[in-house]
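Contents: one structure, followed by commentary.
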Amino acid sequence: MDKIKMMTPIVEMDGDEMTRILWQWIKDILIIPYVDLKTEYYDLGLEKRNETNDQITIDSAEAAKKYGVAVKCATITPNAARMDEYNLKEMWKSPNGTIRAILDGTVFRTPILVKGITPYIPTWTAPITIARHAYGDVYKNVEMRAIGGGKAELVFTGRDGSEQRETIFNFEGDGIIQGLYNTDKSISGFARSCFNFAVDTKQDLWFATKDTISKKYDHRFKDIFAEIFEAEYKDKFDALGIEYFYTLIDDAVARVIRSKGGYIWACKNYDGDVMSDMVSTAFGSLAMMTSVLVSPDGKYEYEAAHGTVQRHYYKHLKGEETSTNSVATIFAWSGAFRKRGELDGLTDLVKYADALEKATISTIEDGIMTGDLYLLSSLPNKKKVNSREFLLAIDERLKKCLHK
């Protein structure tokens, strides 16, 4: 068959360790034979980030703003051990954090459900989508040690020279201080992204913070969501028969555990980071989770929501066999292809994306799976395969899907 044509490039952000190996195998086996691939390539491997003083990460985010659709491999966020391992100039920030700060918007993460893998919460029969604000808070914070006692103050100096000042704490001895911030513009973009996603997918939207404790910071989130909903979205929600409601984050957790699923749960940045891992693990596996960053002006960055699978990478370097789950990375590519096809009016590219996802799911449901899913699956005739065999099994089914 002729390769599927593309008009506009996808921004390709390569990554680290075992996911980088899978990235190339996915391209070689499942993409290049079928698609006349056009990408603007950026190597976000840790070595290249160190070499360019992390400028390549910034450049990739700006390219995503230019072309509108990006796909990203998992990357290392270095700690002290990685400083020595990779001989780094400094402890570079999370590439995801840098990209999210430039694009702004919201990360939507949804579990991929397959037959044979039952969620740990028995009542969950439909996916729960986590909508995570992708800006500010602890990821953009300022921290310092308070040594020897003294007064910590929060000070805001207006452009007109006016000053607001609050005492944080009078330290008797050593301590620590942290300053967080967000902007009304970013919070408004977060709200609209969530409301639009709810309308597009016809799902209820929950939003949760802790405004009873954080009476100004979290309460500002609550107020902005409420104002935008009433002014711009209430009629749309009513027409679709879907609901928006606000609740406290601890109440939301209790509601989620008792629910059937099938809704969007909007969270502030850190809450969304934690809760998306909880939800994905409870549904089965971190590697079975789609993730897309949607900016307020309609830019999309698809990624695998898990790490770089370091342990498998070291086995791979020794020539040992691995059985690494590549589903989230495959779905990052399929999501990017689908969106590129929708934006450019390329129905064949959209159909290819649909077929790739269908082939991936049917492979698992046919009993062929990687080690993590093998341990979870209740299918009677399941078979554990290695990382490359799994991709080849998907390819067999992809050929059939595309030739129908």
Side-chain angles (χ1 to χ4, degrees), residues 15 17-31 33-34 73-74 109-122 124-128 261 276-291 302-316 319-335 337 352-402:
E17 297 189 317
M18 195 63 207
T19 46
R20 186 184 181 94
I21 304 300
L22 295 174
W23 190 263
Q24 189 60 52
W25 287 353
I26 289 167
K27 288 171 65 178
D28 291 343
I29 296 169
L30 299 176
I31 297 174
Y34 305 100
C73 184
R109 289 182 172 171
T110 307
I112 302 163
L113 303 189
V114 295
K115 294 175 184 175
I117 297 178
T118 304
Y120 287 100
I121 310 299
W124 287 0
T125 57
I128 297 168
S276 64
D277 277 11
M278 183 272 288
V279 166
S280 62
T281 303
F283 268 104
S285 170
L286 283 169
M288 299 290 287
M289 192 86 163
T290 66
S291 182
Y302 295 83
E303 63 176 345
H306 54 70
T308 56
V309 203
Q310 180 184 15
R311 181 172 58 86
H312 285 200
Y313 180 59
Y314 291 154
K315 289 181 66 176
H316 173 78
E320 298 176 12
E321 189 175 274
T322 68
S323 184
T324 315
N325 191 332
S326 53
V327 172
T329 306
I330 293 169
F331 271 66
W333 274 105
S334 64
F337 283 126
Y352 163 77
D354 293 341
L356 180 56
E357 292 180 2
K358 182 179 179 181
T360 303
I361 290 172
S362 65
T363 300
I364 298 167
E365 293 183 344
D366 286 346
I368 301 171
M369 61 195 73
T370 50
D372 61 328
L373 300 182
Y374 183 86
L375 294 173
L376 296 169
S377 177
S378 61
L379 293 176
N381 298 313
K382 59 187 178 180
K383 177 185 177 184
K384 176 184 171 182
V385 295
N386 67 36
S387 307
R388 195 172 178 88
E389 288 170 343
F390 181 61
L391 296 175
L392 292 170
I394 294 171
D395 186 46
E396 290 178 14
R397 289 155 182 81
L398 178 59
K399 285 184 173 70
K400 293 176 182 177
C401 288
L402 291 174

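If you read the sequence from its start, that first residue is 1, and numbering goes on from there.
- Take Glu303 and apply the salt bridge (charged side-chain N to carboxylate O under 4.0 Å, His left out) test, not counting sequence neighbours, and it matches Arg100, Arg109.
- Under the rule for a side-chain contact (heavy atoms from CB on, under 4.5 Å), the partners of Ala328 that lie at least two apart in sequence or sit in another chain are Ala304, His306.
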* To do: Would you please test Glu17 and Tyr314 for side chain to side chain contact (heavy atoms under 4.5 Å, CB included) and show each step?
  => CA-CA 8 Å; Glu17 297 189 317; Tyr314 291 154; 4.1 Å; yes

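- Contacts of Gln24 classified as side chain to side chain donor-acceptor pair (under 3.5 Å), with partners at least two apart in sequence or in another chain: Asp28.
- You'll find the side chain of Ile364 reaches within 4.5 Å of the side chain of Phe390, heavy atoms only.
- Side-chain atoms of Ser362 come within 3.5 Å of backbone N or O of Lys358 as a donor-acceptor pair.
- Residues Arg388 and Trp25 form a side-chain contact, since some pair of their non-hydrogen atoms from C-beta on lies under 4.5 Å apart.
- The shortest distance between side-chain heavy atoms of Phe337 and Ser334 does not fall below 4.5 Å.
- Scanning for side-chain contact (heavy atoms from CB on, under 4.5 Å) contacts around Leu402 gives Met1, Tyr34, Tyr352, Ala355, Leu398, with sequence neighbours left out.
- Closest approach of Gly261 to Trp124, counting heavy atoms only: N-CD1, 4.4 Å.
- With sequence neighbours excluded, no residue satisfies side chain to side chain donor-acceptor pair (under 3.5 Å) with Asp277.
- For the residue pair Lys115 and Glu365, the shortest heavy atom distance occurs at N-OE2, 2.9 Å.
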* Asked: Between Tyr302 and Phe331, does a side chain to side chain contact (heavy atoms under 4.5 Å, CB included) hold up when you go through it step by step?
  -> CA-CA 8 Å; Tyr302 295 83; Phe331 271 66; over 6 Å; no

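- To the nearest 0.5 Å, atoms CG (Leu379) and CD1 (Ile117) are separated by 7.5 Å.
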* To do: Determine, step by step, whether Ile29 and Ile394 satisfy the side chain to side chain contact (heavy atoms under 4.5 Å, CB included) criterion, reporting the C-alpha distance in whole Å, the side-chain angles of both residues, the deciding distance to 0.1 Å, and the verdict.
  => CA-CA 9 Å; Ile29 296 169; Ile394 294 171; over 6 Å; no

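- Across all non-hydrogen atoms, the minimal contact from Gly15 to Cys73 is N-CB, 3.4 Å.
- A donor-acceptor contact shorter than 3.5 Å is absent between the side chain of Thr308 and the backbone of Ala74.
- With sequence neighbours excluded, the residues that form a side chain to side chain donor-acceptor pair (under 3.5 Å) with Thr324 are His312, Thr322, Ser387.
- Between Ser276 atom OG and Ile128 atom CD1 the span is 12.0 Å, to the nearest 0.5 Å.
- For the salt bridge (charged side-chain N to carboxylate O under 4.0 Å, His left out) test, residues two or more places apart in sequence or in another chain that qualify with Asp366 are Arg397.
- Atom OG1 of Thr360 sits about 8.5 Å away from atom CG of Leu391, to the nearest 0.5 Å.
- With rounding to the nearest 0.5 Å, the separation of OG1 in Thr363 from CD1 in Ile368 is 6.5 Å.
- Judged as a side-chain contact (heavy atoms from CB on, under 4.5 Å), and not counting sequence neighbours, Lys400 has no contacts.
- In this structure, the separation between CD1 on Ile121 and CE on Met278 is 7.5 Å, given to the nearest 0.5 Å.
- The line from CG of Leu30 to CG of Leu392 is 8.0 Å long, rounded to the nearest 0.5 Å.
- Considering only heavy atoms from C-beta on, Tyr313 stays 4.5 Å or farther from Leu22 through its side chain.
- Annotation: salt bridge (charged side-chain N to carboxylate O under 4.0 Å, His left out) contacts of Lys399 (sequence neighbours excluded): Asp395.
- Minimum interatomic distance between Pro119 and Phe283 (heavy atoms only, all atoms of both residues): CG-CD2, 3.7 Å.
- Between Val114 and Met369 the shortest side-chain heavy-atom distance does not fall below 4.5 Å.
- Applying the salt bridge (charged side-chain N to carboxylate O under 4.0 Å, His left out) test to Lys27 and every residue at least two apart in sequence or in another chain returns Glu12.
- Annotation for Thr19 and Gly307: closest pair CG2-O, 3.5 Å, computed over non-hydrogen atoms.
- Every residue meeting the side-chain contact (heavy atoms from CB on, under 4.5 Å) condition with Ser323, not counting sequence neighbours, appears here in chain and number order: Thr370, Lys384.
- In terms of the side chain to side chain donor-acceptor pair (under 3.5 Å) criterion, Glu396 has no residue partners (sequence neighbours excluded).
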